[in-house]
Amino acid sequence: MLTANLKPTSQSPLYILGAGAIGSLWGAYGYQAGADIRLILRNQQTVNDYQQHGGIHLISAHQTLVSPVPADYPQSISTPIQNLLITTKAPQTMDALSAIKPHIAEQAVFLLLQNGLGIADQIRQEFPSVTVLQGSTTEGCYRQSGFEFVHAGHGHTFIGATGGSGIRDFNALDQLAASLSFPPLNVNISNDIDAVLWRKLAVNCAINPLTVIHHCRNGELLHKPKALAQMRQIVDEILAVSVALNRTHWLTNLHEYVENVAKTTADNRSSMLQDIEAGRETEIDAITGYLCQLAEQHNINVPLNQEILAEIKRLSREAKH
Ligand code: KPL
C-alpha cells in the first residue's frame, strides 16, 4: 500500500538525484511553481560551481528561465529524504543512492525516471522499506553546457506502480502525478506502467545504439536502408522475447510505434550518441543488456541485440581513450 505521498511540502521537500537534463527540467519548473525542491549534486565543488552559475538556466522557445534551485551534496543534506525523484543515468544510480543512504527515511518514496530497466529491482533489494515507483517521459531536453539546458520539445510523462511494487492505491498516485505537474510539465498516471516501460525499452533498444553505430540523428535511421533493416530486426527479436514472457498485449503495432518515435524525434541526437561523444559511460547494460539477459533466461535467440551490445561496449571503451 502506498502510504507516503511524493509531494513537496515544507516538512518534506522533493529531492532530485541526478541534475542532468530531466532532473533539471523538473527542478527548474518546480522551483518556478513555488515547490520546495532540492537538487542533490555530486560534491561540494559541483555545488560551488552551480551557485556561481546562478542555478539552472532553462532555455525554451519563449524564454530563458533562471532557477536558483537550492542544492546540496551528500554530506550537506540536513533533512531526512522522504520524497526522491531519481533521474540519474541507469549505471550511476546505485552509487549515487549509496552516497545519500544515511539520509534516506525508512518509509521514503522514490520515483525512478530514467531510460532502461532492471534498476528498480536493485533498489528494492538495497532499500526494502522504500516504495519504488517508476515513470517514463518523452519530454525533449538536453544539456547545452554546464548548468544550461534546452527544453526542445514537449512530451508526455506517465508514472505508475509496476507489478513488482505491490501498490494498489491509485488515489495517492493521482495526487502524486498532480503534484509533479509543474507547468508546462504534465504528469499522468498509467494503470499499466509495465507496458509503458517495456515499449520505451523497445524504443531505446532500436534507436539509441543504432544512432551510435551509424553516427546519425534519430530520424536519419529511417532513411538508411541498412539501419532501417536493423531497427526492424531488433524489434522482431523484442517481439520474440515478449511472446516468451507472455507480454504480447503490450506489443500492438510495436514496429510502427518505434518508427514513429524515430520520426517525431528526428532531429534528436540520442542520449547514447551524446554519451559516447562525451566519453561518458552509456546506458547500454540497462537497455540492450537487460533485454539480452531476459532472452537468455528464456532461451530466446536475439543475435542482433547481442552483436549490438558487444559493439557498443567496444565503441564505448574506444571513446573513453
Ligand atoms: O529516449 C530517447 C533517448 O535518446 O534516450 C529517445 C526517445 C530515443 C529520444 O532521443
Side-chain angles (χ1 to χ4, degrees), residues 90 112-121 133-140 153-165 167-168 170 173-174 177 186-211 218-225 227-266 268 270-272 283 286-306 308-309:
L112 194 57
L113 200 54
Q114 63 182 192
N115 276 343
L117 287 179
I119 302 295
D121 289 340
L133 305 171
Q134 279 179 270
S136 174
T137 185
T138 54
E139 288 292 341
H154 286 288
H156 301 284
T157 303
F158 287 97
I159 63 167
T162 56
S165 67
I167 292 166
R168 301 279 168 271
F170 285 101
L173 273 177
D174 241 342
N186 203 351
V187 180
N188 294 292
I189 63 165
S190 164
N191 293 337
D192 197 357
I193 193 73
D194 288 297
V196 174
L197 295 171
W198 186 252
R199 288 170 80 82
K200 183 74 194 306
L201 182 79
V203 163
N204 289 135
C205 284
I207 295 179
N208 296 28
L210 289 182
T211 60
N218 297 357
E220 291 171 73
L221 293 174
L222 301 170
H223 305 294
K224 293 177 187 277
L228 185 59
Q230 287 173 319
M231 257 173 105
R232 291 184 175 154
Q233 190 183 334
I234 289 171
V235 173
D236 280 338
E237 292 180 4
I238 295 171
L239 288 169
V241 176
S242 313
V243 171
L245 294 171
N246 248 331
R247 292 176 179 176
T248 44
H249 62 294
W250 292 356
L251 299 173
T252 326
N253 301 329
L254 194 62
H255 280 287
E256 290 82 348
Y257 179 71
V258 168
E259 286 170 31
N260 197 41
V261 174
K263 206 182 284 171
T264 53
T265 63
N268 271 31
S270 81
S271 53
M272 197 171 284
E283 297 179 298
I287 296 176
T288 310
Y290 179 84
L291 181 87
C292 289
Q293 236 177 358
L294 271 185
E296 199 182 317
Q297 284 162 12
H298 291 83
N299 281 323
I300 307 294
N301 282 331
V302 288
L304 183 55
N305 279 287
Q306 261 164 348
I308 278 172
L309 177 63

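Each of N186, N188, T138, T137 was evaluated against T157; a single residue qualifies, T137, per the side-chain hydrogen bond (donor to acceptor under 3.5 Å, both in side chains) test. For the pairing with I159, the side-chain contact (heavy atoms from CB on, under 4.5 Å) check across L133, L112, V187 returns one residue only, V187.
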Apply side chain to side chain donor-acceptor pair (under 3.5 Å) to the pair T265 and N218, showing each step before the final yes or no. CA-CA 6 Å; T265 63; N218 297 357; 2.9 Å; yes
Steps toward side-chain contact (heavy atoms from CB on, under 4.5 Å) verdict (I238, V302): CA-CA 8 Å; I238 295 171; V302 288; over 6 Å; no
Using the side chain to side chain donor-acceptor pair (under 3.5 Å) rule, take D236 and H255 through it: C-alpha gap first, then chi angles, then the decisive distance, then the call. CA-CA 8 Å; D236 280 338; H255 280 287; 2.9 Å; yes
Could you walk me through whether N305 and L309 pass side-chain contact (heavy atoms from CB on, under 4.5 Å), step by step? CA-CA 6 Å; N305 279 287; L309 177 63; over 6 Å; no
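Rounding to the nearest 0.5 angstrom, the gap separating the CG atom in N204 from the OG atom in S271 is 6.5 Å. Annotation: the span from K200 atom NZ to Y257 atom OH amounts to 8.0 Å, rounded to 0.5 Å. Annotation: the span from L254 atom CG to I234 atom CD1 amounts to 11.5 Å, rounded to 0.5 Å. Atom CD1 of I207 is separated from atom CD of E259 by 9.0 Å, given to the nearest 0.5 angstrom. Atoms CE and SG, from M231 and C205 in turn, are 11.5 Å apart once rounded to the nearest 0.5 Å. Expressed to the nearest 0.5 Å, how far CD of Q306 lies from CG of L291 amounts to 9.5 Å.
With a 4.5 Å cut-off on side-chain heavy atoms, V241 and L239 do not count as touching. Taking 4.5 Å as the limit, every side-chain heavy atom of I300 sits out of range of all side-chain heavy atoms of L294. Looking at heavy atoms from C-beta onward, S190 lies in side-chain contact with I193 at the 4.5 angstrom threshold. Under the 4.5 Å side-chain criterion, counting only non-hydrogen atoms from C-beta, L117 is in contact with Q134.
More than 12 heavy atoms of other shown residues, nucleotides or ligands fall within 6.0 angstrom of atom NE2 in H154. With a 6.0 Å radius and a threshold of 12 heavy atoms from other residues, nucleotides or ligands, Q297 has its CD atom above the threshold.
For the residue pair S136 and V196, the shortest heavy atom distance occurs at CB-CG1, 3.8 Å. Of all the heavy atoms in I189 and A177, the pair that sits closest is CG2-CB, 3.8 Å. When all heavy atoms of S242 and L251 are compared, the closest pair comes out as CB-CD1, 2.7 Å. Taking each heavy atom of I287 and G116 in turn, the nearest pair found is CG1-CA, 3.9 Å. Annotation for G219 and H223: closest pair O-CD2, 3.4 Å, computed over non-hydrogen atoms. When all heavy atoms are compared, the tightest approach of P209 to I308 is CB-CG2, 3.4 Å.
Cation-pi check for R199 over W250 is not met; the charged atom does not lie both under 6.0 angstrom from the ring centroid and within 45 degrees of its normal.
Using modelled atom types, no side-chain atom of E139 and backbone atom of H156 make a donor-acceptor pair closer than 3.5 Å.
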